[in-house]
Amino acid sequence: MVLVTAPEITYASEIDFENDVYPILEDNCLFCHGEDEQESGLRLDRRGYMLRGGDSGLAAVVPEHPEKSYLIDVINHVDKEMAMPPDEDKIADEDIDLITRWIQAGAVWPGQMDDIAEEEIDHWAFLPPQTEFDQDCIDDFLREKLAGAGLSFSDTADARSLIRRASIVLTGLTPTPERTAQFIRAFAEDGDAEERNAAYENLIDELLASPHFGERWAQHWLDVIRWAETNGSESNLYRKNAWMYRDYVVRSFNEDKPYDEFIREQLAGDVLGHGDATGFLVAGPHVPAATVGQEPTAIRQARADRMDEVLQTVGASMMGVTIGCARCHNHKFDPISIQDYYSMSAAFQDVEFGSRFPELADDHPRVLRSTQLRSDLDKLREEMRSNGWAWVEDWTGYEEVHFPTQTIDEMRIVFNGRWVMLDEMEILEASGEHRNVLAPELGAVITDNPSTHVASQPTGNLNNGVFGTKGWRGVSKKGNKETPWLQFEFPKTVSVSSIRLSSNREDFLETDYLEGMNKSKYGDFNIEMRDANGQWRPFASTAAMRKKSTDNEQRQALQQRIQEVIGALIIEGPQPAFLAQFVEPVETFVLARGSPESPRDRVHAAAPKRLGGDLGIDPESPGALRRKAFADWLVSPENPLTARVMANRIWHHIFGSGIVPTPSDFGLAGAPPTHPELLDWLTGQFIESNWSMKSMVRMIVLSDAFKQSNAPNEAGLAKDATAQLLWRFPPRRVEAEVIRDSVLQASGRLDPTIGGPSYRIHNVKKRYAQWEVVDNHGDETWRRMLYQERMRRVDDRIFTAFDFPDCGQIRAKRPVSTTPLQALNLMNSDFVVTQATLLAERARSERGDAIDAQVIRCFELLLCRQPSQDDLEASIEVAKTQSLELLCRTLINTNEFAFLP
């Protein structure tokens, strides 16, 4: 920290600082907060340090504002835990009064009025990247470092290892035996070097173009941001359609969306035509309102906790710093103050955890698919209407009742049941935009049956736009022969043809897979209008609609097709999804010690001050503009972190360890880079390639370093046992997903479908019960593991043992453990037993009855090679004395299958 001292100037003051104030500080404070010792990072022997404050991040002295000066709080023992002097009585009241008046008068300290205490930034990660280099490529940097250690690259790996390695790193899938054989022929050791290079480059380009590339690399990103489909709280509720964000990430990697654009869309996709990208903001866990309760302090604390989850996600994934450390005090290691933390939170103050309809551009795949499906639905509906038929559509969380067009100024709905609950109702016009004529601004009057009226849940709740349990109720008490009804009076005549109604649409929008969900609590009803004599007469009945739909085959077939289109729309079209809700931003304050009950100075949206964090926007800007401005700051050329962090992250996923071994912590507490110049060079290349992630991946996997053998040698092990200098390709166990997906691919049963809802392995549960795994091996689960329901705090009973993250913590780098349970799961789990049976059946089908041919095929399908003579003899013995299925389970258990070559 630098203290800049101004020339001495004489200031007039009624308080003599040197004789009146300084002695108080000297007697009570400077022993712990002076030049020699600074408890809690606080110095009180210089004015500049007073203004800066200590680790708390709160200024000890704010001239002219004693009420904002933390020094006044602690000497007044406002907070008993922070009372100063510690373990002693308060200093004399007259001394406190003197210090208070001194601050009120401007905290004049002669000779130090222009002192400024600033943190020096000399940590490499916060400085601009180097731009001048003597080296021209990745291998030049690595060879130079190796030479300094007396090491050199290993020989190039064999063709089989190269294709297996590249396929797993780039797509997460092992290559087929046929593609492996083709590459081995093209990469023949006795072939021309140029032809071999061409064969390898063609392989890499093929893998980069594979739709499975996006699936593989999306998994890495989802790990970092802790994305999951449940909230992780006590109830651990399912997040409805959260998978839409996962599909956005897969699509972004496959399209090679520039990384700067990828960032902008995830922070402000709602104003950029990519509303499905904002699932990033609410990827972390949260406690829902029902669990928080109604206590105001608990509500404020929960809101602060949710904002912290947002900042942790942004900080770890995009900035590579531990932002959360500054929530209660200045960061212990990095130049991030508590003011920076809350200024950042102001940039995201409009974010709330919840669901909404995503804002999507006209050319978004979901919009295009929706247009097609809506057209199909309109045609089917028109066919129903042309026959004069009425019908009920099930949209899961609500129903739509369609009937021949009626031109009316009044309408009544009479329910068959004696207990009715609705949270919202819409009556839709027959033409045009199908306007809701019950919208409050149109002036419709809604009344209900006085004899079934419930005062606490009146008719006004039916069209207030609020979904949930606080709607309208009608109850016919014992002895009352009447049932509930609703009457609608319109200020002018309207032509209507459908009604949309629900009992608890909030549940439908927010969560799923709970017992008793999406049940209507209104039953069947008649729709009535007045006849010429002014009497109410029914013109449609939902009970009759349902019965007639089963009596007429043509009508039944049409309605079934309507439901099929609705089902496709719910999955493939724009639908409400857990992608964040946006609320009106409130004022943001620094919270002393992180407590919402101790607000201090107001702050406005900004990034960390010491990193040039001025966003250049009006303090009262709307939330979307704040988030977009923050994203622009993240990807600005002056930002030293963003491109560095992603370039390192890509390197990490290719080699198993980053140039910075702590991929989400580039601060002083993180590990230093092994090759700082190389990282800066990669950063420059990344930006120059228009932030192309595929270009960065391609460049790295085409390097000699990536193509090396992973074989050990004595010199390398002696000097660099973990191969950080990359004298060989570092061997490592593949992830849980790769093991599972490769087994499915070998058996020939892998469903390659890209995207869509996750496959289910859990039960349907009560709201506060826990999820249980009920089927993680049946044929409906045979998709890539990326698409398995990603539940927090739930063990999938097979692959969690292989360090699959629980999504509760940032997981930039998965741990690799070795436990007996892993071998047991790969030998005896239902999934492996089933797949081994299918694999053996495939080998028999493709190779006939000869045991040796079957064994060879199993080796090809699982290990992409033929067995050696010893392997063959031992394997035939197992197949004959035990079974071919057991041999397959044994091969799945080998290191060769589970490790990257």
Side-chain angles (χ1 to χ4, degrees), residues 164-175 203-228 243-263 265-266 274 276-277 279-280 283 313 316-318 320 642-643 645-658 663-664 682 685-686 689-703 706 732 734-742 745 752-755 783-788 790 804-805 807 810-814 900:
R164 190 175 176 87
R165 179 188 301 170
S167 296
I168 291 173
V169 168
L170 268 60
T171 69
L173 294 171
T174 52
L203 169 68
I204 297 305
D205 290 338
E206 173 189 319
L207 294 170
L208 287 169
S210 166
H212 300 305
F213 173 84
E215 293 176 315
R216 170 63 161 165
W217 286 78
Q219 183 65 70
H220 298 323
W221 185 253
L222 298 178
D223 274 6
V224 174
I225 67 172
R226 304 164 295 162
W227 180 83
W243 54 266
M244 287 187 185
Y245 170 75
R246 178 206 62 210
D247 284 5
Y248 160 82
V249 178
V250 172
R251 190 166 61 249
S252 295
F253 277 102
N254 276 335
E255 294 173 353
D256 195 22
K257 188 184 293 289
Y259 183 61
D260 59 340
E261 195 175 323
F262 185 57
I263 284 179
E265 289 175 358
Q266 290 180 100
H274 290 274
D276 49 349
F280 166 86
T313 302
S317 63
M318 296 175 175
T642 309
V645 168
M646 191 56 180
N648 183 72
R649 210 178 286 288
I650 290 171
W651 186 276
H652 161 73
H653 293 308
I654 292 173
F655 286 108
S657 181
S664 288
L682 289 170
Q685 296 293 309
F686 188 31
S689 72
N690 191 32
W691 300 79
S692 167
M693 292 183 277
K694 280 190 177 182
S695 292
M696 180 64 63
V697 171
R698 186 179 191 275
M699 179 172 61
I700 295 173
V701 298
L702 287 178
S703 68
F706 181 80
R732 67 180 188 271
V734 298
E735 299 92 326
E737 297 92 328
V738 177
I739 295 173
R740 183 184 182 280
D741 297 350
S742 296
Q745 178 155 285
T753 305
I754 307 291
R783 297 184 67 196
R784 296 199 67 174
M785 194 173 170
L786 174 73
Y787 301 115
Q788 179 175 295
R790 195 157 178 162
F804 184 80
C807 311
I810 301 291
R811 189 63 73 194
K813 187 175 184 177
R814 290 192 187 181
L900 200 60

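Computed from a predicted structure; not experimentally measured.
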If you apply the rule side-chain contact (heavy atoms from CB on, under 4.5 Å), what do you find for Arg251 with Ile754, and how did you get there? CA-CA 9 Å; Arg251 190 166 61 249; Ile754 307 291; over 6 Å; no
For [X] and [Y], which heavy atoms make the closest approach, and how far apart are they?
{"X": "Gln266", "Y": "Tyr248", "value": "CG-CE2, 3.9 Å"}
{"X": "Ala218", "Y": "Val250", "value": "CB-CG2, 3.6 Å"}
{"X": "Leu203", "Y": "Ala166", "value": "CD2-CB, 4.4 Å"}
{"X": "Gly214", "Y": "Phe253", "value": "CA-CB, 3.7 Å"}
{"X": "Asn690", "Y": "Pro258", "value": "O-CB, 3.4 Å"}
{"X": "Pro805", "Y": "Asp223", "value": "CG-OD1, 3.5 Å"}

If only side-chain N and O atoms count, and only distance matters, is there a donor-acceptor pair under 3.5 Å linking Glu215 with Tyr787?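 A donor-acceptor contact under 3.5 Å links the two side chains.
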Check: [Y] and [X] side chains under 4.5 Å, non-hydrogen atoms:
{"X": "Thr174", "Y": "Arg164", "answer": "yes"}
{"X": "Glu737", "Y": "Phe804", "answer": "yes"}
{"X": "Ser252", "Y": "Trp221", "answer": "no"}
{"X": "Phe213", "Y": "Met693", "answer": "no"}
{"X": "Arg784", "Y": "His212", "answer": "yes"}
{"X": "Ile263", "Y": "Met646", "answer": "no"}
{"X": "Phe655", "Y": "Ile700", "answer": "yes"}
{"X": "Arg698", "Y": "Ile204", "answer": "yes"}

Tell me if a side-chain donor or acceptor on [X] pairs with a main-chain N or O of [Y] at a distance below 3.5 Å.
{"X": "Arg216", "Y": "Ile168", "result": "yes"}
{"X": "Ser689", "Y": "Phe686", "result": "yes"}
{"X": "Asn254", "Y": "Pro211", "result": "yes"}
{"X": "Lys694", "Y": "Glu255", "result": "no"}

Spacing of [atom1] belonging to [X] relative to [atom2] belonging to [Y], to within rounding of 0.5 Å:
{"X": "Arg732", "Y": "Arg814", "atom1": "CZ", "atom2": "CZ", "answer": "11.5 Å"}
{"X": "Leu173", "Y": "Gln745", "atom1": "CG", "atom2": "CD", "answer": "5.0 Å"}
{"X": "Arg783", "Y": "Arg740", "atom1": "CZ", "atom2": "CZ", "answer": "10.5 Å"}
{"X": "Ser695", "Y": "Asp256", "atom1": "OG", "atom2": "CG", "answer": "6.0 Å"}

Pair Leu786, Leu222 - check side-chain contact (heavy atoms from CB on, under 4.5 Å), show working. CA-CA 10 Å; Leu786 174 73; Leu222 298 178; 3.9 Å; yes
With Ile225 as reference, evaluate Thr313, Val249, Ile810 under the side chain to side chain contact (heavy atoms under 4.5 Å, CB included) test and give the passing residue.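 For Ile225, the side chain to side chain contact (heavy atoms under 4.5 Å, CB included) check succeeds only for Thr313.
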As a test of understanding, state which of His652, Arg811, Arg649 forms a side chain to side chain contact (heavy atoms under 4.5 Å, CB included) with Ser664.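 Output: one option passes, namely Arg649.
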His220 and Trp217 aromatic ring geometry - parallel, tilted or perpendicular at 30°/60° bounds: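 Perpendicular.
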Which label fits Tyr245 and Trp227: parallel for a plane angle under 30°, tilted from 30 to 60°, or perpendicular past 60°?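 Plane angle between 30° and 60°, so tilted.
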Take Ile654 and Val701, measure what side-chain contact (heavy atoms from CB on, under 4.5 Å) needs, and give me the verdict at the end. CA-CA 8 Å; Ile654 292 173; Val701 298; 4.0 Å; yes
Verify side-chain contact (heavy atoms from CB on, under 4.5 Å) between Ser657 and Lys813, making sure each step is shown before the conclusion. CA-CA 8 Å; Ser657 181; Lys813 187 175 184 177; 3.7 Å; yes
